[in-house]
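Convention: sequence-line order gives letters A, B, ...; per-chain numbering from 1.
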Amino acid sequence: MTGLDLLLAIFGVAAIASGVQVFRTDSMVRASFLLLLSFIAVGVMMLLLSAPYLGMATIFMMAVEMMVMALFMVAFMMNPAGLNPMMMVHQHRFSIGAGAFAFVGLAVFVLVADFPRNAVDPEQPAIRALGHELLGGSMLIFETAGVTLLAAMVGAVILSSRNGRYGAADEGSRPPGLEPGGEPAGRVPEAGGGHHHHHH
Amino acid sequence: MSMPIGDVAPEIAVILTAVIVLLAAAFTPQRLHWLGAPIALAGLGIAAVLCAGQLAGPPRISFSGVWAVDGAGVWARLLIVAATALVVVLTPGWFMTDRRHGEYYAMLLLSTVGAMFIAGAADLLQLVMGVLLSSVTGYTLAAYHRDWALSVEAGMKYFLIGALANALLVLAVTLLFGLYGATGYGEIAAAIGSAPAPAPQGIALAGLALAVVGIGFKLAAVPAHTWMADVAEGAPAPSAAFLTVVPKIGAAIALARLLTLFPPEVIAWRPLIATLSVATMTLGNLAALWQSDLRRLLGWSSVSQSGYALMAIAVVGLTEQALPALVFFLAGYAAANVAAFAAVTHLRGRTNIDDYRGLATVRPGIAAALTLALLSLVGIPPLAGFVGKLLLFWATIDAGYAWLAAVAAANTVASLFYYLRVLGPMYFHTETHTVPSLGRWALGGTIAAGAAIIGLGVGAQALLAPLASTSLLP
Amino acid sequence: MTLPIVLLVAAALIGVGLYGALSQQSFVMLMMGLELMLAGVMLAAVAFWSRTAGGAPEGQLLAIVAMAVMAVEMAIGFALVTAVYRKRQADVTESLDMLKQ
Amino acid sequence: MLTVAIVLPLVAAGVLAIYAGAGERSARWFAVAVSAVPLALLTIVWLGFETGRGAPTFQWVAEAPWIPTLGVGWRVGVDGIALAIATMSALLFVAAIAWPAETQGRARQYYAWLLFLEGVSLGVFLVLDLLLFYVFFDLSLVGMYFLIGGWGHGDARGAALKFFVYTLAGSLALLLAILALVLSTEPLTFDMRELIARQPLAGSQMRGGLVLLGFLIGFAIKTPLFPVHTWLPPAHVDAPAPASAILAGVLLKMGTYGLVRIPYAMMSATFARYALVIGIVAVVSILWGALVAMAQRDLKRRIAYTSINHMGYAVLGIAAAGAMLGGEETARRLALTGATVEMVAHGLITGALFLISGSFWQRTADYDLEHYGGLAGPAPRLTATTTLASFASLGLPGLAGFVAEFQIFVGTFAVFPWLAAIGLIGIVITAALFLQMLQQLFAGPLPQRLATFPDLGRIELAVLTVLLALVVIIGVYPAWLLALINSTAEILVGGSGTH
Amino acid sequence: MLWLLAIVPFVVAAGLAVARPRERRHLAYTAAGTLALTLVLALAAAIEGWSAGLVWGPMLRLQAELVPLSAVVATTIPAVALPITLYAAVHEDQRGITRLIALLLAFVGAMELLVIAADLLTLLIGWELVGACSWALIGHHWREAKKPAAGRYAFVMTRLGDLGLFVAAMAAFAGTGSFTYTALAELDGPLLELLTAGILISAAAKSGQVPFAPWLFRAMEGPTSVSALLHAAAMVAAGAFLLARLHPVLGPVPWFGPAAMGIGLVTALGGGVVATLQADAKKLLAASTSAQFGLMFIAVGAGYPAVAVLHLVMHAAYKALLFLAAGIAGERTGSFELAEMRYGRALPGIAAVTAVGSLALAGVPPLGGAASKEAVIAAAGHSGPAVAVMVAIVGALSAVYATRFQLLTYGRGEREAARSPVRLETAALAALAAASLLLSAVWVPAVHSVAAAWLGELSASKVWELVVSLLAVGVGIYAGRLLVLTYPALGSTGSAAALADWLGLPAAVHMLIGRPARAMARAAAVLDDRALDALPRSAAVMGRHLAALGGRFGELLADGLPLGLAQIVGLGGNDVRRMQTGMTQHYYAAMAVGTAVLTFILLWGAWA
C-alpha cells in the first residue's frame, strides 16, 4: 500500500463517514453541509487521481449547489435549522438492507473483476485533453448538454416562477373543464392538497 | 474528426424551432400563444423532410462514433417527429387558459429532440445526455398544470422515478466504461471482441442490467414502469399522449442498439429481455383490468404495449424481421395511443369510463376514432396494431421464441377485456346527454391519428417495404 | 491496490446514497441520497479514467456528464419541489398519494 | 366477381353507417337489396363452376398485391366446398337481414353491422390468402360482438363480452399457428394454393404437432367443440334472432371450413397422425351436445346445444376424411362430402330454427319451453315450419340433414368404425329432444295467455319458406350440391373417383 | 317410373295439405282415387318389371326394383289402405280430418318407397319416413298431451332400432363400396354379421318384436284408422318384409335363423299371453300383431321368406278388418273397454263381417289366415318338432284371443248402438272381409302352387302338424269362450292387468333406457354449466365481480365454485393494482429489487 493509497483511503473513509452522517443528523441544513463535506472528500480523491480539473469542479460546483440547497431549505422547508429534532424515514430496515446489498454486490464484482491495467500518465495534460474532446470527438455530446441545460433552465422557470408577465403565472394552469367553465374531469384533488403527518 | 452537420440537421431544425417558439412566446400576448402550434408544426415538417432525406444515404456512424444514422434510427426519429406533430395539434385548445401556453411548445420540441437523440445515440454518453434531455423536459410537461394537484403530483413522481433511473444509467455507463475503456459503441464492440476470456464479468452483467433498467424507465418497462399510469392520468392530456409514446420510440431503438453490442452467447441478454417483456406486458394488463379511469387505463395499457415492443428487442439480430417488427409496432402503437388521447382531449379530458356511456349515439365520429384506437391496441385487423403485432409474433416465432408469442397472445386476450369495458358501454347504452368538446384543433388531431391507424394497417406495404432492408448499427 | 480502494469507496457511497434515496421521506433528503450515489459514480468514473482507461478523455467527459445529470436533475427537482409545495403544501413523498392503483 | 361479393357489403355498411338520412324501412330494404347481390354473384359463379375431371381446384381466382414484403396479397377464389358454404352464407344473410327485427331505433347501425358481417364472412370463405383469411376471421368477431351487445336481450353485454374474449383467444391461437406454418417454408408466402402444394412441416413431428394444436384450438373454439363450447349458449340466448342465425349458420362454419382449408389441406400428414384424437373429440361433442341439449328448458339454449352436436358430426367427417394418406378413398371422400353438406344443411336448418326462436321471443319475450303449449291451434304456420325444421335437424331422410349425416357416418365407419357407431347414438337423442320440444311448444292444452298468439307474419313465412324449401330440395335431390362438393373432395382426399 | 309408386301418394298428400278441402266426400274420393292409382301402378310395375334409379352423388345412388316378394307387398299396401282410408274419411273426427288423410297417403307413399327399394340408402329413407309419418299420425289428436307423447315414444323407440339399419348401411359400404342389395352378396366375415345384426334389430324394432314391443301399445293412442293401417300394411309390416326381402343375404349367416326364430317365438308366445289377458280391444289387437309378426320372423328364420310374406298378406287383410270393427264398437262405447261392448244384437251385419276376420285370426280353415299359419308351423317343423308344437301353441293362443275379441265386441249382448255405421264404413269392412275370404283360395292346390312358383318355396305341412294345430285351434276357441263366460272383465284388474301391459316390458325399458338417458342429460347439463364453463368462466362472471374485492372471492370459494382462470386473472388484476400504492418509496424499492433481479438473471444466464 503506497502513500497515495493511504491518502485515498483516508479521504474515502471521510467521504463515506460524512455521507452516512447526512442521513443521521436531524437538521437538513446540517445534512447539506455534511453532504458538501463528503463531496469535498471525493473531489480531493479525484485530485489525487490526477484529475485536477474534475476535482476542483466537483468541489466548487457542489459548494455552490449546497449553498443553494441550504438556502432553499430555509426558504421552503420545515425545520430549517434543526430546531425540532426529527427522523423522517420510511421502510428503514429495507433501505439499510438494500444499501448494504448494493455495496456488497458492487464490491464483490469490483474485487473479482479483471479490469484492464492501463494507468494514466500523471504528466499528461488532462485538462487540455478534455478540452479537445469536448470540442472535437464529443462535440455532439457537449452540444446536447448545452441544449439540456437550456431546457432545464426553461423548465425550472416554468415550474417554479410564480410571477409571469401577466400576473400570477399559475392561475388558470389547469385542464379545461369537462363542461365549458366547469371542473376538469377525473379524480378531484382534496382541498388544500396533501396530508401532513407532522408539524407545520 | 468529422462534423457532418447534415446528420443532425433534423434535430437542429427542431431545436431552432423551439428557440423561435420560446422567443415568440416571450414577445406575444397570451391570446396569440396558439401561434406556437403552427410554428412548431412547420419546424417539425422541416425536420421530417430532413429526416426523410437521410433515408436515402447509406447507414453510417458520424461525429466520431457518437451518432448513428441508420435505417432503424432514422425511421424512429421520423416517427418521433410525426407523433409530436400530432400532439402539437392537440395542444392549443387544451392550454388556452394557461399563462405559459407558448412555452409548452418549446418544451414539447425540446423533449422531442431528446427522444431523437436517444434514438440516434451511438455512444453511451450521448445516450445519457439524450435521456437526460428527454427526462427534464418530460417532468416539466407532466407537471405543466401548476394549478392542478394531480398534474403536479404526476410530474413529481415522474421526476423521482426518473432521477433514480438516470442515476442508475450513469452508474451503468461508468461500469461499462471501466471495463471496456470507452463509451463509443464501436469501440466497446471492438473491446468485447478482442477480450481474451469469453466469460462475462460480473461488472459487465451488473452494468448491462443497470442500463436496461435505466433505458427501461423511458420505455416504462418493469421495474421502472410505475410512473406511466400516474402520468397518463395526471398530466395534461397532450403531455400524456406525448409521454406515453415519443420517449418510448427512442428508448426502444436505443435499447436494441445497446444490446446488440453484446454477443448473446457471452451475456445471455435474450432471456432477460424476454422475461422483462413477459413481466411488463402481464403487469400492465393486469393492472389495467379494473381501471375505471380511461386515461389511467390507457397508461397501464401503454405499459403492456411496452412489453410487446420488448418482444422484438429480445430477438433482435436473430431474425431480420425483428427490426421492421419493432419499428412498425411502434408506429402502430403511436398512432393508436395518440388517437385515444386525442379523443380524450377532444372530449375535454372526459376520463371516467362511465361518462363514455352512449357516446356512440351522441358523438359517433369520436366514438369511432376511440374504437379504432382501442381495437388497434388489441390488434384487430386490418388496423395498424394488427400488422404490428403480427410482425412481433412473426419475429419471435421465427427466432424460436414461440413461447413468448404465446404469452403475448394470452395477454392480448386479457387486454381485450378492459378495452371492451370502455367500448361496450359506448355503444350499448343509448342514454343521451350532451358531450361538450374542445374545438377544431383536437378534432383534427383525432381524425389524423384515426386515419393513420387505418392507413398504416391497410397500407402497411408503404412502410414495410423500406423497413424490410432497415439496419441497426452498433 | 489504488483502483480497488477507490472503487470500494465509490461502491460505499453508492450504497449509502441508495439507502438515503430509499429511506428518506423528505424530497430534499431523498435527492441528497441520489447526489451521494452520483458522487460515487463520479469517483468511480475518475478512477477508471485514471487506472483502466489510460486517461481516455471520455473518462473525464463521463464525470462531467454525471455532474451535468446531477445539476440538471437537481435544478428541475427543486423547481418541482417548489411547485408541489405551493400547490399541495407537501414536502414528503407520502403526501403524494392521490395517484395510485 | 368474388371481390365484389366481399367488398360491396362492406362498402354498403360504411355508407349506411355514415348516411344519417336512412330511416328504418329504407335502411332495411337497402340492406336486403345489397345483400342479395353477393347471392346473385355467387349463383353465377356456381353456374360457371367446372366440376369435371381436370378442372382446376380453385376457380374464379383473382389476385392483387397487398403486402408483397410479407407475401400477403388479395387473393380470392373458390373450390367446391368454399363455394357451397359461401353461397349458403349469402342466402342466410339475405334471410337474416330481411327478417323483421326489433332494431331499437337504431336501424341504420343494425343493418350496417349485418352487412359488415356479411362482407367479412364471405371473405373468410372466398379468400385464398392465409393472412387475409385471418383478417376476416377476426373481424367476424367484431361484427358479432356489436350485434349481440347492441341488440341482444337479457345479459347481452356480458354474453357479447364473453363471446369476444373467448373467441379472440381462439383467433390468436390460430394466428400463431398460421405464422408458424408459413415461417417454415421458403420463399415466404401466404398463398393458400402454394402452401397446399408445398405441405410445409410434413417432415417435422414436433413442430407439426404444435402447429396443428394451435389450429385445432383456434378452430375448436370457433366450431365449437367440447370442452371449449361454453361461450356459445349465452351468446345465442342473448343475441337477437337474426344474429343468432348468422352466428350458428355462418360463423360456426368458419371453424369447420378452416379445419378443412388449412390443417387438413396444408399439413395432411400431421393431420392424419392426429385424426383419431380429433375424431374422439368430435364424438364427445356429438354426444355431449345432444345430452345437454335434452336437459335444457330454454328453447334457444336447446337449439344452441344441438349446434354443438351437429358441428361434431361435421368434424367427425373431416377427421375421418383426413385420417389416412392412402386407402379407403371412397369412404373418406364420402365423409368429407358429408361434412360439407352438414355445414350447408346446418346453416340452413339451424338458421331457420334460430329465426323461429326469434319469432317466439318477439311475441312473448320468453324462451321457457314449459310456459308454452298448444300453439298448433293459433299458429299452424309456425307449427309447420318448426316441425319441418326440427325434423330436418334430427336428420329425417328427405331433408338436408340426413344427406349429410348419412354420408358422414357411412364414410367414417370405414375408417373409425367405433367412433361412427358411438356417434350414431347422437341421432336418437336429437330425435328425442326435438320431438319433446315440438310437443312442449305445440301440443297439449293452450294456456289462456297464449290465446291471442299471432301466427307467422308474411315476411317471416316467406323467409322460412325459402330456407326450408332448400332444405327439402337438398334432402330429395342433392345431386347438384354433391357434384360440386365432390369435385373438391376428390382432390382433397385423393384417389380416383371410379366408384 | 317405379318412383311413381311412392311419389303419387306423396304429391297428393302435399296437394291436400295446401288445398285443404274440408268436405269429407271430396277427401274420400281423392284418397280412394290416389290409392287405386297406386294399386294399378303397383300391378303394372309388377307385370312390366319396372325399375328406377336416381343419382344423388357420385357415390350415392338411389335404386328401386320389384322382385316378386316386394311386388306382392307393394300391391297389398294400397289394396289394404284403400278401404282403411275410405273408412277414415267418414269415420274420424272432423277436426283435422284433412291432415289425417294427407298423412295416411304419405304413410302409404313412404311404405311403398321402402318396399320398392333396391339399396340400403333408399330403404333407409323410406324406413325413417314411415317412422316420421307414424309420429304425426299417432299424435293426431295433439290437444291431449298424452297422444303426441305416444307418437314421440313410438318414433324414438323405432329410431333406436333404426340405428341397426344405419350400421348395416355403414357395414355394406365399408365392405362393398355401395349400398345395393345385389352388392351385398359380396359381403362376408364380420361385416356381414354386423349387417345381419343391424337389420335384424331394425326389423324387430319396426315389427314390434321383443324388446321393442311396447311402442305398439303406446301407438294405440292414435285414431283407429291409423292403427289399422299401421298394423296391417305399413310400418309394422316393414320389419318382416325387410327380413324376407334380404333373406338371401342374411340366410347364410349361421346364427341368423336361430336368432330370428328365437325373437319371433318369444314375441309370439308373449304377445299371445298379453293379448289373451288384455281388457282393451285395440291393445288386444296390438299384442296380437306382435304375435303374428313373431310368426313371420319364425318363418324367415326357418328359411321360408315366402311363407312370411304370405302370412303378411293374410294378416294385413284380417287385421285391418278387425281394427276397423273395433273402431266402430269403440266409437259407440266411448272407450275400447272390451267389457263394455257386445254389439252383436245391435249391429248384426258388422258382427258377421267381423267374424270372418276373427276366424282368420284364430286360424280356422278354410280361411287364408289358417293356410299361412299352417305353412309357418310346417316351416318351423324343419327345425324340430318341438318348435312346431310351440308354434301350434301360439296358434292356440291366437284362437283364444280371437274368440275373446269376437265374443266381447260383437257377441250377443244388451247394448244398443246409438247409430248405425254409415255406408262407406260398412263397405270398407265388407271389402276387407271379402278379401280375407278371397285369400282362402290359397288352400286350392292350383292357386297354392302358382303362389309358390312366384313367391318361392311354401313349405307343406306334415299330417301330424296339421292335426296338432287344428286341435290347438279347437282348444283355443273353447278356452276363449270359457274365459269370456267366466271372466268377462279379464285383464282390467289384478295381476292379469299387470301382465297385460306387455309383461312389464315398458317399465323395464323406461328403467333401463329412458331414465338413465334423461339422468345423464341432466347431469351433463349441470356439469356443462358449472365445471366446464368455470375454467374460462370469463367476462360475464368477472363483470359481476367488478365491484367485488377479496372478501367476495373468498365467499365464492366457500360456496365451492371452482375458481376459473379468468377469475384468477381478475383477482390478479386487483392485486397488481394494489401494488401501485401511490407511495414513491415503494416504487424505488421495486426498482432496486428489480435491478438486483435482472442482474441475477444475467448471472444465472452466464452460469447456465
Side-chain angles (χ1 to χ4, degrees), chain B residues 123-126 128-129 131-133 135-140 142-143 145-160 162-164 166-184 187 203 227 229-234 287 290-291 293 296 299, chain C residues 3 7 10 14 17-18 21-22 27 30-31 33-38 40-49 51-56 58-59 61-70 72-77 79-88 90 93 95-101:
Chain B
D123 185 296
L124 288 170
L125 295 177
Q126 176 66 12
V128 171
M129 287 320 298
V131 168
L132 188 62
L133 175 54
S135 296
V136 288
T137 47
Y139 312 146
T140 315
H145 287 319
R146 281 95 58 210
D147 194 24
W148 190 242
L150 284 182
S151 172
V152 177
E153 176 172 343
M156 190 69 198
K157 282 184 168 165
Y158 188 23
F159 161 73
L160 288 172
L164 178 60
N166 289 350
L168 295 181
L169 182 61
V170 182
L171 175 59
V173 170
T174 307
L175 293 180
L176 294 175
F177 170 74
L179 209 50
Y180 303 121
T183 55
E187 297 153 272
I203 288 285
W227 58 274
D230 297 348
V231 165
E233 183 185 352
W290 302 116
Q291 297 299 340
D293 184 295
R296 195 165 185 83
Chain C
L3 185 65
L7 288 182
I14 291 169
L18 183 63
L22 282 170
F27 294 133
L30 187 156
M31 281 154 67
L34 293 175
E35 299 212 15
L36 213 49
M37 280 179 81
L38 282 171
V41 171
M42 282 161 63
L43 184 59
V46 172
F48 285 135
W49 166 79
R51 287 297 180 271
T52 75
E58 284 144 312
L61 193 58
L62 173 56
I64 289 176
V65 164
M67 214 180 287
V69 169
M70 196 189 301
V72 166
E73 296 273 12
M74 291 313 129
I76 205 81
L80 273 165
V81 170
T82 314
V84 169
Y85 188 76
R86 192 182 297 153
K87 183 67 199 161
R88 315 240 342 227
T93 58
S95 303
L96 300 182
D97 59 350
M98 272 171 35
L99 293 170
K100 62 184 171 198
Q101 298 210 336

Name the region of B:D147, side chain, backbone, both or neither, that has any atom closer than 4.5 Å to a heavy atom of chain C.
both

Who wins among C:L30, C:L38, C:V69, C:T93 for the most heavy-atom pairs under 4.5 Å with chain B?
C:V69

Would you find a donor on one side and an acceptor on the other, under 3.5 Å apart, between the side chain of B:E233 and the backbone of C:L99?
no

Against chain C, label B:A163 side chain, backbone, both or neither, depending on which of its atoms sit under 4.5 Å from a heavy atom there.
both

Restricting to non-hydrogen atoms, name the atom on B:L171 and the atom on C:I14 that form the minimum distance, rounded to 0.1 Å.
CD1-CD1, 3.5 Å

For residues B:G181 and C:A56, report the shortest heavy-atom separation together with the two atoms involved.
O-CB, 4.2 Å

Can you measure from CE (C:M70) to CG (B:L132) and round to the nearest 0.5 angstrom?
12.0 Å

Write down the atom of B:L175, the atom of C:F48, and the distance for their closest heavy-atom approach.
CA-CE1, 4.3 Å

Can you measure from OG (B:S151) to NZ (C:K87) and round to the nearest 0.5 angstrom?
10.5 Å

Which atoms of B:Q126 are under 4.5 Å from chain C, going by heavy atoms: the side chain, the backbone, both sets, or neither?
neither

Please classify the contact between B:L179 and chain C as side chain, backbone, both or neither, with a heavy-atom cut-off of under 4.5 Å.
neither

Let me know if C:M31 has heavy atoms under 4.5 Å from chain B in its side chain, its backbone, both or neither.
side chain

Which atoms of B:M156 are under 4.5 Å from chain C, going by heavy atoms: the side chain, the backbone, both sets, or neither?
both

Heavy-atom cut-off 4.5 Å, strictly under: side chain, backbone, both or neither for B:V170 against chain C?
both

Considering all heavy atoms, the nearest B:F177-C:W49 contact
CE2-N, 3.9 Å

Using every non-hydrogen atom in the two residues, find where C:M98 and B:E153 come nearest and quote the distance to one decimal.
N-OE2, 3.0 Å

How close do C:L80 and B:A143 get, counting heavy atoms only, and between which atoms?
CD2-CB, 3.6 Å

Specify which of C:K100, C:R51, C:M37 makes the most heavy-atom pairs with chain B at under 4.5 Å.
C:K100

For B:L164, is it the side chain, the backbone, both or neither that has a heavy atom under 4.5 Å from a heavy atom of chain C?
both

Residue among B:V131, B:V128, B:V136 with most heavy-atom pairs under 4.5 Å to chain C
B:V136

